[in-house]
Amino acid sequence: QVQLVESGGGLVQPEDSLKLSCAQSGRTFNSLRLAWFRQAPGKERAFVAAIDDSARNTYYADSVRGRFTISRDNAKNTVYLQMSSLKPEDTAVYYCAARFGFAPSSIASAYPYWGQGTQVTVSS
């Protein structure tokens with residue numbers, strides 16, 4: 001089984017930083033390709049970042065590149081999203097997603113396993 005639980009969301013001001021965590025309760029974490037997506041009200045679910053099983057390759061949406069960093073700790077069965085220089089347009093529900101395969105994908109439909117989401121609100 002692949003079960004994911006996100007945490008770390010909250011209300012912050014522009015230019016603040018926030019770190020999200022996603023923990024997997026199963027025993028297959030090392031084999032997973034992992035990603036973060038986000039969905040704002042009235043918008044489609046959008047790709048944010050992805051990381052492969054070895055953590056040697058990472059991928060970012062243009063809108064967050066240089067501000068967000070994805071990482072994983074296989075010993076803790078956890079993937080992280082470190083967000084800095086946050087903007088109001090980053091406000092969304094952030095979801096952790098997982099898949100098996102040769103490489104991560106930026107397409108939401110490629111991920112069969114999802115967490116419940118955590119709210120991030122950036123507002124002054």
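Within 6.0 Å of CD1 in Ile107 there are 12 or fewer heavy atoms belonging to other residues, nucleotides or ligands.
A distance of 4.5 Å separates CG of Asn57 from CG of Asp52, quoted to the nearest 0.5 Å. Taking OG of Ser25 as the reference point, atom CD of Gln3 lies at 4.0 Å (rounded to 0.5 Å). Separation of atoms CG (Leu81) and CG (Leu34) is listed at 12.0 Å; rounding is to 0.5 Å. Rounding to the nearest 0.5 Å gives a distance of 13.5 Å between CZ of Arg99 and OG of Ser31. Interatomic distance, Gln82 CD to Ser17 OG, rounded to the nearest 0.5 Å: 6.0 Å.
Evaluation of the ring pair (Phe, Tyr, Trp, His ring centres under 6.0 Å) test over residues 46-65, restricted to residues two or more places apart or in two chains, returns Phe37-Phe47. For residues 48-88, no residue pair satisfies the disulfide (SG to SG under 2.5 Å) rule, not counting sequence neighbours. Annotation: disulfide (SG to SG under 2.5 Å) contacts involving residues 1-44, sequence neighbours excluded, comprise Cys22-Cys96. Sorted by first then second residue, the disulfide (SG to SG under 2.5 Å) pairs that include residues 26-68, not counting sequence neighbours, number zero. Judged as a disulfide (SG to SG under 2.5 Å), not a single pair has a partner in residues 27-65 (not counting sequence neighbours).
When the side chains of ILVMFWY residues are joined at heavy-atom separations under 4.5 Å, either directly or via intervening members, Trp36 and Val2 end up in a single hydrophobic cluster. Transitive grouping of hydrophobic side chains (ILVMFWY, heavy atoms separated by less than 4.5 Å) brings Met83 and Val64 into a common cluster. Under the 4.5 Å side-chain heavy-atom criterion for grouping Ile, Leu, Val, Met, Phe, Trp and Tyr, Val93 is not connected to Val79 through any hydrophobic cluster.
Side-chain contact check for Thr91 and Glu89: no donor-acceptor pair (N or O, by modelled atom type) lies under 3.5 Å. Donor-acceptor pairing under 3.5 Å is recorded for the side chains of Tyr94 and Arg38. Side-chain contact annotation: Ser124 with Gln13, donor-acceptor N/O pair under 3.5 Å absent.
A heavy-atom distance below 4.5 Å is found between the side chains of Leu18 and Leu86. Residues Leu32 and Gln24 meet the side-chain proximity criterion, which asks for heavy atoms closer than 4.5 Å. The shortest distance between side-chain heavy atoms of Val12 and Thr121 does not fall below 4.5 Å. Using a 4.5 Å heavy-atom cutoff, the side chains of Ser123 and Pro88 are not in contact.
Evaluation of the ring-ring contact (aromatic ring centres under 6.0 Å, His included) rule for Phe68 yields no partner, not counting sequence neighbours.
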TODO: Go through the steps to decide whether Asp90 and Lys87 satisfy the test salt bridge (Lys or Arg N to Asp or Glu O under 4.0 Å), and finish with yes or no.
DONE: CA-CA 5 Å; Asp90 294 320; Lys87 306 174 181 179; over 6 Å; no

- [ ] Let me see the working for Phe100 and Arg33 under side chain to side chain contact (heavy atoms under 4.5 Å, CB included), right down to the final yes or no.
- [x] CA-CA 6 Å; Phe100 296 100; Arg33 281 69 172 168; 5.6 Å; no

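The main-chain N or O of Ile70 is never found under 3.5 Å from a side-chain atom of Arg72 such that the two would form a donor-acceptor pair. Looking only at distances, no side-chain donor or acceptor of Glu6 sits under 3.5 Å from a matching main-chain atom of Ser21. Not one N or O on the side chain of Asp73 forms a donor-acceptor pair closer than 3.5 Å with the backbone of Asn77. In this structure, Ser84 contributes its side chain and Arg67 its backbone to a donor-acceptor pair below 3.5 Å.
Heavy-atom minimum distance, Val120 versus Gly9: CG2-CA, 4.1 Å. Residues Ala92 and Gln119 approach most closely at O-NE2, 3.5 Å, considering heavy atoms. Closest approach of Ser71 and Ile51 over heavy atoms only: CA-CD1, 3.8 Å. Pairing each heavy atom of Thr118 with each of Gly8, the nearest pair is OG1-N, 4.2 Å. In terms of heavy atoms, Ala50 sits closest to Tyr111 at CB-OH, 4.1 Å.
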